[in-house]
Every structure is written in C-alpha cells, then in structure tokens.
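Please read these numbers as outputs of a predicted model, since none were measured by experiment.
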Amino acid sequence: MEVDGPVGGYGPSYVLCHCHWQPEEVRAERLTVILVHGLEGSSSSQYMIGNSARALAAGFNVVRMNMRSCGGTDEISPTLYHSGRSGDVAAVFKSIVEAQKLESIALVGYSMGGNLVLKFAGEVAAGPPPQLKAVVGVSPLMDLAISSPALHEPQNRVYEWHFLRNMIARVRRRMVLFPAIYGGAELRKIRSMRLFDEHIVARYGGFTGADDYYFSVASSRYADRFNVPTLILHSLDDPFIRMLPSTREALMDNSNVTYVETQHGGHCAFLESPQNDDDGRWAERTLLRFLQAHIHGS
C-alpha cells in the first residue's frame with residue numbers, strides 16, 4: 001500500500017499489510033481491527049499473531065500492518081519508519097475503508113505502534129472518521145522524551161543494544177539499496193538510542209534534532225483530546241516506557257479513555273498464570289473484551 005511519494009530519486013514508499021477478511025457477505029458490517037507492531041517488530045510478532053487469532057475467532061476482520069521497511073520490506077520503502085508516521089495509519093485506514101466499504105474500524109498498537117494509533121486518534125479528534133470506533137494502546141510510547149533516555153539506563157542496556165543492532169543493520173541495508181539518500185549515514189557516532197534518533201531519525205525524517213523529534217511525534221500531546229473509546233494499558237514495571245505525570249493525569253481525566261495501570265506486566269507482556277483454557281495473555285484478552293463491549297454497545 002503506498003504511503004508516501006518518491007524521495008531522493010527513489011520511491012514511492014509502500015507498507016505491507018496482511019489482511020484477513022470474514023466472508024464477503026458480512027465483511028463490511030463486521031469490525032475491522034488494524035494491528036500495528038512496535039519498535040523493530042513486524043506483522044509476524046507474537047502479539048500480532050495472537051491478537052489476530054482472537055479477533056478472527058470473535059468474527060472480526062484483521063489487518064496486520066507493517067511499518068515502513070519492516071517485515072522484510074526494505075526494498076519497497078526508501079523512507080524509514082519512526083514514531084511520527086501516523087499518516088501511514090491514516091493511509092491504511094482510508095484505503096481499506098474505500099476498498100471494502102467497511103463500517104467500523106478499531107486501531108490497536110503496541111509500544112511505538114501504540115503511539116502511532118494514538119497520535120492518529122488525536123490528530124482527527126476534532127472530526128474523527130465515522131468508521132473509527134475504538135483505539136487501544138498497549139504499553140504505548142507516548143512520552144518519547146523521557147522513554148528514550150530510559151533505554152540507556154544501565155539495567156536497560158541489553159534492550160538498547162538489541163534494538164540498536166537491528167536498527168543499524170537496517171540502515172546499512174539501506175545504504176546499499178538507496179545510496180543517494182543514506183550514503184553519508186554517520187553510523188560510527190551511534191552509541192545510544194538518542195544518538196540514533198539524532199543522527200538517523202532526525203536527519204532522514206525531517207526533524208531538526210532528537211528533541212524536536214521527541215516533542216513533535218508524542219501522542220501525549222493529545223491525551224486530553226481523544227474522543228472515541230480508548231483503552232490504554234500501562235505497567236509500572238515497564239523497563240523503559242515512562243509516562244509523565246501530566247500525561248497520566250490527562251488520560252485519567254478524559255472520560256473517553258479507560259486507563260489501566262498495573263503493578264506488573266513488563267513491556268507489552270502482561271502475562272499471568274494460565275487458568276482452565278486460558279493461555280495467560282491478559283492484555284490480549286482485555287483488549288478484545290474492550291472492543292467487543294464498545295462495538296456491540298455502539
């Protein structure tokens with residue numbers, strides 16, 4: 001699906017979506033769930049597959065969306081993904097509504113994907129598309145300015161290096177695929193997530209620097225504006241997602257937001273001991289119940 005025009009002599013940029021439809025005779029009237037993964041994830045991430053299976057079994061349509069260059073799609077996207085690409089969510093939303101005549105859409109995002117869907121919801125808050133019925137953010141990266149440096153804390157360095165290793169490898173591939181754009185990438189300067197954001201994301205994403213990037217793309221700026229049913233799951237022991245007190249307060253004061261804060265859950269995990277026929281994946285069960293309650297009650 002095309003999400004951006006040509007740049008630097010290459011393009012356009014496309015994202016890959018895997019669509020799972022209910023039978024054609026009921027497809028348009030069923031809820032469609034657009035799932036968006038997190039940093040360095042893809043449409044094949046475990047939570048993407050798990051939520052897809054639950055949603056399909058509940059009778060919903062599912063679209064597993066890859067961010068730009070993710071899911072093995074480096075060749076079809078000269079531009080890089082980042083936390084501000086809510087326009088890509090908008091493009092996917094518009095395209096599938098028009099193609100399938102869909103009546104209701106729910107957006108579900110994990111981590112960075114949570115920021116993307118919440119940012120989109122905030123941007124359209126003054127006049128949301130009539131098809132937009134609900135939004136869910138699981139461990140959403142709403143406050144980048146405090147979450148990015150948290151990755152550089154000693155106890156989180158293993159996470160930071162895991163992300164950086166994959167992200168630097170992605171840039172190296174792009175230096176070969178799109179040398180006119182990335183040939184001068186300053187990879188030797190990168191020793192932290194902030195430096196990656198400064199020298200790669202900001203430089204190639206059109207921001208003046210890391211601070212400009214963090215401020216410009218933060219969905220927390222819209223926390224008091226969300227005006228469709230919104231569920232946010234946040235764990236206090238998330239190792240690197242931080243939330244400003246002002247963001248938390250705005251979410252809790254917004255009557256359209258169901259803000260669920262747990263003592264334990266880590267980052268996007270929210271696992272509990274399985275009981276009976278349940279698999280212990282609390283977040284997946286919780287968000288599905290939220291969608292069912294608000295769609296069937298709308």
Side-chain angles (χ1 to χ4, degrees), residues 1-5 11-77 79 81 85-121 124 128-138 228-229 231 268 281 283-285 287-288 290-292 294-296 298:
M1 187 175 300
E2 183 174 338
V3 292
D4 209 350
S13 288
Y14 295 88
V15 297
L16 173 66
C17 295
H18 299 282
C19 302
H20 311 277
W21 302 114
Q22 297 294 335
E24 189 171 359
E25 61 270 19
V26 298
R27 181 176 305 165
E29 66 190 47
R30 297 292 179 87
L31 175 69
T32 297
V33 181
I34 300 177
L35 296 167
V36 189
H37 61 82
L39 181 67
E40 284 303 294
S42 74
S43 58
S44 297
S45 295
Q46 187 281 324
Y47 51 84
M48 297 285 278
I49 301 299
N51 279 301
S52 294
R54 290 178 188 269
L56 286 167
F60 300 156
N61 304 306
V62 175
V63 175
R64 291 182 291 132
M65 173 185 166
N66 284 284
M67 295 186 199
R68 301 187 190 198
S69 75
C70 295
T73 63
D74 286 299
E75 294 84 355
I76 64 173
S77 179
T79 48
Y81 75 85
R85 300 285 192 194
S86 52
D88 293 2
V89 176
V92 172
F93 187 110
K94 182 175 184 290
S95 179
I96 63 172
V97 165
E98 292 178 350
Q100 302 294 334
K101 311 302 180 187
L102 302 173
E103 299 174 6
S104 58
I105 304 279
L107 304 174
V108 176
Y110 275 66
S111 192
M112 179 184 284
N115 187 68
L116 289 183
V117 300
L118 290 168
K119 182 171 179 284
F120 169 74
V124 301
Q131 297 86 2
L132 181 60
K133 303 301 183 182
V135 181
V136 178
V138 180
V228 298
L231 171 67
C268 296
R281 299 194 179 277
E284 293 180 13
R285 291 201 324 275
L287 74 86
L288 179 62
F290 178 83
L291 296 180
Q292 291 172 319
H294 285 85
I295 297 306
H296 294 162
S298 63

Looking only at atom types and distance, does a side-chain atom of [X] sit under 3.5 Å from a main-chain N or O of [Y], one as donor and one as acceptor?
X	Y	value
Asn66	Ser43	yes
Glu284	Ser52	no
Tyr47	Ala283	no

Going by the salt bridge (charged side-chain N to carboxylate O under 4.0 Å, His left out) test, which pairs reach into residues 36-52, not counting sequence neighbours?
Glu40-Arg170
What's the shortest heavy-atom distance between [X] and [Y], and which atoms?
X	Y	value
Gly38	Ser111	CA-CB, 4.2 Å
Leu288	Phe60	CD1-CE1, 3.8 Å
Ser44	Ile49	O-CG1, 3.9 Å
Val62	Ala55	CG2-CB, 3.5 Å
His294	Pro229	CD2-CB, 3.4 Å
Gly113	Val36	CA-CG1, 3.8 Å

Side chains of [X] and [Y]: closer than 4.5 Å at any heavy-atom pair?
X	Y	answer
Val3	Arg85	no
Lys133	Leu291	no
Arg281	Arg54	yes
Val135	Leu118	yes

Under the side-chain hydrogen bond (donor to acceptor under 3.5 Å, both in side chains) test, which residues partner Thr32, sequence neighbours left out?
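Once residues adjacent in sequence are excluded, the partners of Thr32 under the side-chain hydrogen bond (donor to acceptor under 3.5 Å, both in side chains) criterion are Asn61.
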Taking only residues two or more places apart in sequence, or in another chain, which ones meet Arg68 in a side-chain hydrogen bond (donor to acceptor under 3.5 Å, both in side chains)?
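With neighbours one apart ignored, the set is Asp4, Thr79, Asp88.
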Ring pair (Phe, Tyr, Trp, His ring centres under 6.0 Å) partners of residues 20-44, not counting sequence neighbours, each pair once:
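Residue pairs with at least one partner in residues 20-44: there are none.
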Rounded to the nearest 0.5 Å, how far does [atom2] of [Y] lie from [atom1] of [X]?
X	Y	atom1	atom2	result
Leu35	Tyr110	CG	OH	8.0 Å
Cys70	Met65	SG	CE	9.5 Å
Ile34	Arg64	CD1	CZ	13.5 Å

Is it true that atom CD of Glu25 has more than 12 heavy atoms of other residues, nucleotides or ligands lying nearer than 6.0 Å?
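Atom CD in Glu25 is packed in, count exceeds 12.
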Which pairs of donor and acceptor atoms, one on a side chain in residues 95-109, lie under 3.5 Å apart (sequence neighbours left out)?
| from | atom 1 | to | atom 2 | distance (Å) |
| --- | --- | --- | --- | --- |
| Glu98 | OE2 | Lys94 | NZ | 2.8 |
| Gln100 | OE1 | Arg27 | NH1 | 3.1 |
| Lys101 | NZ | Glu98 | O | 3.4 |

Report the C-alpha separation of His18 and Met48 in whole Å, then their side-chain angles, then the decisive distance to 0.1 Å, and conclude whether the side-chain contact (heavy atoms from CB on, under 4.5 Å) test is met.
CA-CA 11 Å; His18 299 282; Met48 297 285 278; over 6 Å; no
Only counting residues at least two apart or in another chain, list the ones meeting ring-ring contact (aromatic ring centres under 6.0 Å, His included) with Phe93.
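ring-ring contact (aromatic ring centres under 6.0 Å, His included) list for Phe93, sorted by chain: Phe120.
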Test side-chain contact (heavy atoms from CB on, under 4.5 Å) on Val33 and Asn51; report intermediate values, then the result.
CA-CA 9 Å; Val33 181; Asn51 279 301; over 6 Å; no
